[in-house]
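By convention in this document, chain letters (A, B, ...) are assigned in the order of the sequence lines, proteins followed by strands, and residues within each chain are numbered from 1.
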Amino acid sequence: MKKLLCLLLCLLLTAASAALADVDLDAYTSDPAEKVSIAWLAGHDTDAIPEGDTVVAWLEEKFNVDLDVWFLERENYDELLTTRIIGGEIPDVFMLQNAEQFSKYVKQGVVMPLPIEVIQKCMPESYAWLIEYDPGCFNTVSYAGVNYGLPRVNGDGRFNYAPFWRADWLAKFGYTDGKVPMTLEECEDVFYKFANEDPDGNGEKDTYALSNTGMNPIFGAFGALPDRWIEDENGDLVYGAVYPSMKDALTLLAKWYSDGLIDPEFITGENQGGYWALSVPFENGQIGFSSSGAYYHLAPDFDGPEDEATGAGTNFKFGRTMRTFASTVGYENMIIGYNPTGPDGKQGGESWGLTTDEAIVFSYQLAEQPAKVARILEVINNIGSDFDTWEKIWNWDLESDQYDYDDLLGFVAKEGHTKADEGSHTNMFNTLQNPNFAMKAKPAQYNWAMSMPQFQTGGYSNTLLPITTASMPNCWTSMETLRLTTYIGIITGEAPVDAFDGFVDSWYAMGGTAVTEEANEWYHSR
Amino acid sequence: MKERNSAPKPRNRIYESRGEPFFQAILVVIFALLSITFLYPYWHVAVTSFTSPDYASASGFKLWPRAWSWDAYKHMFSAHFLWSGYLNTIKVVLLGWSCSLTGVVLGAYPLSKRDLPLRSLFTTIILVTMFISGGMIPTYLLVNNTLHMRNSYFAIILPHCISVTHVIIARNYFMTLPEGLEEAAIIDGANSLQVLMRVVLPLSTPILATISLWVIVSNWNAYFNCLLYITDSSKYVLQVVLRRIILTDSKEMTAASEAVANSTDTDIVTLRAASIMLATVPIICVYPFLQKYFVKGMLIGSLKG
Amino acid sequence: MKTASGSIQIHTGNRRRHFAASVRKHKLHLLMLVPVMAQFLLFKYGPLYGVTLAFKEFQILKGITGSPWVGMANFQRLFTSYDFKNVFTNTVTIAFFKFVFGFPAPIILALFLNELRFPRFKRITQSISYLPHFISWVILTGIFMELLSPSRGPVNALIRLLGGEPIFFLGSPRYFRSTLVVTGIWQGVGWGSIIYLAALGGVNEELYDAARVDGCGRWRRIWHVTLPGILPTVTIMLILAVGSLVDDNFDQIFNMLNPAVYSVGDVLGTYIYRQGVINMDYSYSTAAELFRNLISLVLVVSANFVSKRVNEYGLW
């Protein structure tokens, strides 16, 4: 009896997988005349959409759909989503915030498989630019060889972090006319001068060279970042923290620390509880080198001085981080530098990667409703690839003719124009985040970043291993704790540099071996 | 600093002995210094909320805004649902306060009777819940799917309205009340409810004030159950509205989405500070009203003799 | 005293009759308990089946009742993981110091406030003392980083002025726990003293007059009148505090913790958060919660036992 049951089950399973193997593409066709209701959560938002919003009404009419737009607060997203699902409600299409969530929902069968063929058929235009922008973008939404959703790309990911310097300090040591140290050796030379030769000229030895975020470019010069996976010489994935050359980086940093080049307060972080991309020691004139923000945090004031009377020009009154520096150390004393090149010519800072680890997935219930899936994909495709639709979503305003396009500012509302709706819910519908369109919205920042080679030296991103491997949940937290404590211990001299070897051994023993194997298995099977 | 003057001289209630002025002076100095340390963080936040975003992130002591700005408040006040948020929070607080206080008194008073039948069983039933709980999901299923309380403030209030600790503390307080008073009332023909209302509660104002304060503050600050059960934005409570306004401070945000979310020239630092001020100033004002009940207390003197 | 009249003289023979009489006598009291018990049974006992998650592997689509049993696997994961021992030791140590210094602090504050003779100053001081309670630890931590900074902070400026070496309070393993304890007390002392002020409001004024007539000095008066007056409250608060020893102040530690002080500051709460709550592993966090509650239960029962021996007050 039991055997028979087993057999039956096996048969069923094979049948299911066979059905999965060749998709009935014809089923994924929607009849435009049929009104489809969609429970929509294919993005994130900061607030719920009020009743009677004209843009939503327009979308409903345009696509002949009935939208039930969900809103779940981002900070408690997973908790709220899980609870709602258990309570019997599930959005038809929704976003998952990271790789852990994605693999959890996939493993539990909450989301349906979405074959690439279906995507190619139902959203050809968007598929084309997605693949062109990042050929590996679907890696983040596949699990065990099956695709489960749509990726969200990140237009900012093409720019790496670049460090910035105190220009007035550099000038004292011969770096004038926009010159900055380019190699690790040059950096080291200047760092010693920053710490020892009184760059701020107050007669006291109260300056350091760098703090927490300034270490990233240094690690990068040795070929890895401690918390990123990298591809080693053999083409295999290896975790940055255990990459052999990190020992050289730590040796150097430990020496710098004991020679007083590193702000001892790096341990509690550079932003000191404020906005994440700020550097408190930098703004206080305690350090002269940092890498605390992305390119758009460092953007200059494209508009020139603000017109106080009208409040105009506030759009581009510096990037967030630069704004603080402009009012503390002075804008003229800031210079954006390059990630220094190391002994083997390697360089790079932090980078976000071209694709985010957010995923757009479909409810398991839609596996039986291919027509509905097709309609949803059409909506997403249209917003992601049709500029006219996208523009209305971006401005959250249907009256496109009320906007002028400015090469500096992007879309500017005409004098006297007031929007029909309060607020903006762009992020809820800008599902794929087409970077070519986003560039048009903030042309000044993008063009500026494009013109700065500093932001294009390459960086280390998370995209090499965008998944949670099978054995990670049981050991990863402890391994990360060990990494953080070991690195800080070595830098501050609490532990000798040779503690690195012991750390590598324990890291692999704690589960690193299994995780690395799983990572490579995935990496080579793509 | 022992008092040497041991002779009974109750002439002056304020200065009992020669050491007293000195002792009072020391106390005043200590409390003044302590008050400064207690006040500073709040002052820091207040100053930040009025500082221009250009300077708000700058570190250092904040005694006075380096450049005044109302932008953060302007932004907050222009937000959707801020005023309805206040109104809804007040509704929740009042509703929660009446439910909780009633529940705590009704639970604590009978349990303070040492000869109540099955007293230890009842006490145990209540106490056990301190150490074991089913967690969020089953509670959600009960409130949302079984009781259908979605979008009702009772969903926020009822599941947590009677706190075990409050019942225990109130019960304990009732137990310390002299029994003579109650017995006198019973002899006069009052029933238990009348005794409770006319004798026990008037004598318990300090503990009722304390529990009221606890309940009011926790209902005022509560937001998670509102996130869970309230989907109608016109019913959001203040804390949820404020969180929405400042929620854009997240590292995962891309430049594009940060730009969309943050279209005005305010800074997350000043916004957060302003939201703290908006959320805490009203609730802090509640305390002085309750304060008088702490000192009033019992008038037992009238009973003795 | 009425207390002795009811339950003490029970003998097997008239037990039932006695019980019936007692119920009649307390009819209204029992009626009062009905809504309270109903609330507890519905909202606390109703969802209790959720505890089974600690022994299951949670599946969203199957719900709590349908998820498969996994025995003690979640507990095994909790106890056998690499840093559990360190985390547990830290939890106990920090809880101990917080308790030893943190429990008496609000009592002392309340007692001294009570001695203060200037009513307006007293009221204002009181109101100010609980302000820190209203500011979240995220913000407070930012402010403390500034105040305690070795290079810029006023606290270290004072230390330097007195000829000492600056101390990195938040980043050095030697000082981190003390910093936690002190800042924790500072934040909670005013708010915590409210219950004792309420209890002090209940102390019979006549006893003070009697003490004064007897010629008691201030300290003897505090010792013989004030303290016994608030003893019931102190006892209950003490037992409750013992019970919450293991729920370390998560918000505070989570915000102040940094890798340099993991060895001394990483506690159960932060550890469970990193392991389970971050990716919403409900089974795991339910197991951890259950473990913590069991410890609380043991602590409270023992504290209650001791307290019943020492004085008559207790939870049961």
Is it the backbone or the side chain of C/Thr286 that comes under 4.5 Å from a heavy atom of chain B, or both, or neither?
neither
Can you tell me if C/Tyr45 uses its side chain to pair, donor with acceptor, with the backbone of B/Ile125 under 3.5 Å?
yes
Portion of C/Phe112 that has a non-hydrogen atom of chain B nearer than 4.5 angstrom:
both
If you count heavy-atom pairs under 4.5 Å between each of B/Ile30, B/Leu111, B/Ile276, B/Thr37 and chain C, which one has the most?
B/Thr37
The interface call for B/Leu142 against chain C, heavy-atom contacts under 4.5 Å, is side chain
Answer with side chain, backbone, both or neither: which region of B/Met175 has an atom nearer than 4.5 Å to a non-hydrogen atom of chain C?
neither
Mind checking the OH-CD1 spacing from B/Tyr287 to C/Ile194? Nearest 0.5 Å is all I need.
4.5 Å
Does any N or O in the side chain of C/Gln39 come within less than 3.5 Å of the main-chain N or O of B/Gly103, such that one atom is a donor and the other an acceptor?
no
Grab the two heavy atoms, one from C/Phe121 and one from B/Val28, that are nearest each other, plus how far apart they are.
CZ-O, 3.6 Å
Is chain C contacted by the side chain of B/Thr146, its backbone, both, or neither, given a heavy-atom distance below 4.5 Å?
neither
Heavy atoms only, distances under 4.5 angstrom: which of B/Ile207, B/Leu106, B/Val45 has the most pairs with chain C? Name it, please.
B/Leu106
Pair count under 4.5 Å, heavy atoms only, with chain B: among C/Leu140, C/Leu33, C/Leu131, highest is C/Leu33
Taking every heavy atom of C/Arg117 against every heavy atom of B/Gln24, the minimum-distance pair comes out as N-OE1, 3.0 Å
If one checks every heavy atom of C/Glu289 against chain B at 4.5 Å, the contacting part turns out to be neither
Highest number of heavy-atom pairs under 4.5 Å with chain C among B/Ser120, B/Ala32, B/Pro41 belongs to B/Pro41
Applying a strict 4.5 Å limit to non-hydrogen atoms, the region of C/Pro232 in contact with chain B is both
Measuring heavy-atom distances to chain B, does C/Leu31 have an atom under 4.5 Å in its side chain, in its backbone, in both, or in neither?
neither
Considering only heavy atoms from C-beta outward, does the side chain of C/Arg123 approach that of B/Pro288 to under 4.5 Å?
no
Side chain from CB out, backbone as N, CA, C, O: work out which of these in C/Leu48 comes under 4.5 Å of a heavy atom of chain B, or both, or neither.
both
Taking every heavy-atom pair that is under 4.5 Å apart, which of C/Leu240, C/Val34, C/Ile124 has the most such pairs with chain B?
C/Leu240
Checking C/Val189 against B/Phe38 for the side chain to side chain contact (heavy atoms under 4.5 Å, CB included) test, could you report, in this order, the C-alpha distance in whole Å, the side-chain angles of both residues, the deciding distance, and whether it holds?
CA-CA 10 Å; C/Val189 68; B/Phe38 286 136; 3.5 Å; yes
With a 4.5 Å cut-off on heavy-atom pairs, point out which of B/Ile284, B/Ile168, B/Thr123 contacts chain C the most.
B/Ile284
Calculate, to the nearest 0.5 Å, the distance between atoms CD1 and CG belonging to B/Ile132 and C/Asn293 respectively.
7.5 Å
Note, C/Leu42 side chain near B/Leu158 side chain (heavy atom, < 4.5 Å):
no
Distance in Å, C/Leu231 CG paired with B/Thr176 OG1, rounded so as to fall on 0.5 Å steps:
11.0 Å
Find out whether C/Ile143 and B/Tyr40 are in side-chain contact, i.e. whether some heavy atom of one side chain is under 4.5 Å from a heavy atom of the other.
yes
List the steps, then state whether side chain to side chain contact (heavy atoms under 4.5 Å, CB included) holds for C/Phe43 with B/Leu147.
CA-CA 11 Å; C/Phe43 289 107; B/Leu147 301 174; 3.8 Å; yes
Among C/Ser296, C/Ser129, C/Ala54, which residue forms the greatest number of heavy-atom pairs with chain B at distances under 4.5 Å?
C/Ser129
Can you tell me how far CG of C/Leu30 sits from NZ of B/Lys113, rounded to the nearest 0.5 angstrom?
12.5 Å
Other residues, nucleotides and ligands only: do more than 12 of their heavy atoms fall within 6.0 Å of CZ on B/Phe154?
no
For B/Leu141, which atoms come within 4.5 Å of any heavy atom of chain C: side chain, backbone, both, or neither?
side chain
My understanding is that only residues two or more places apart in sequence, or in another chain, count here; which of them pass ring pair (Phe, Tyr, Trp, His ring centres under 6.0 Å) with B/Phe31?
none
I'd like to know whether C/Val36 forms a side chain to side chain contact (heavy atoms under 4.5 Å, CB included) with B/Val104, so could you lay out the CA-CA distance, the side-chain angles of the two residues, the decisive distance to 0.1 Å, and finally the verdict.
CA-CA 8 Å; C/Val36 179; B/Val104 167; over 6 Å; no
Please identify each residue that fulfils ring pair (Phe, Tyr, Trp, His ring centres under 6.0 Å) with C/Phe134, with sequence neighbours left out.
C/Tyr130, C/Trp191
Quick one: of B/Ile283, B/Val143, B/Val217, B/Leu196, who has the most non-hydrogen atom pairs under 4.5 Å with chain C?
B/Val217
Name the region of B/Thr102, side chain, backbone, both or neither, that has any atom closer than 4.5 Å to a heavy atom of chain C.
neither
Sort B/Leu127 into side chain, backbone, both or neither according to what part of it lies under 4.5 angstrom from a heavy atom of chain C.
side chain
Close side-chain approach of C/Met32 and B/Val105, heavy atoms under 4.5 Å:
no
Taking all atoms of both residues into account, what is the closest heavy-atom pair of B/Ser133 and C/Val51, and its distance?
O-CG2, 3.3 Å
Starting at CD1 of B/Ile137, measure out to CD1 of C/Ile60 and round the result to the nearest 0.5 Å.
8.5 Å
For the interface with chain B, which of C/Leu290, C/Leu113, C/Leu41 has the highest count of heavy-atom pairs at distances below 4.5 Å?
C/Leu113
C/Leu297, part contacting chain B, at a heavy-atom distance under 4.5 Å:
both
Using a 3.5 Å distance criterion without hydrogens, assess whether the side chain of C/Lys44 forms a donor-acceptor pair with backbone atoms of B/Pro159.
yes
Which atoms of B/Thr139 come close to chain C, meaning under 4.5 Å heavy atom to heavy atom: side chain ones, backbone ones, both, or neither?
both
OG of C/Ser22 to CG of B/Asp115, rounded to nearest 0.5 Å, is 6.0 Å
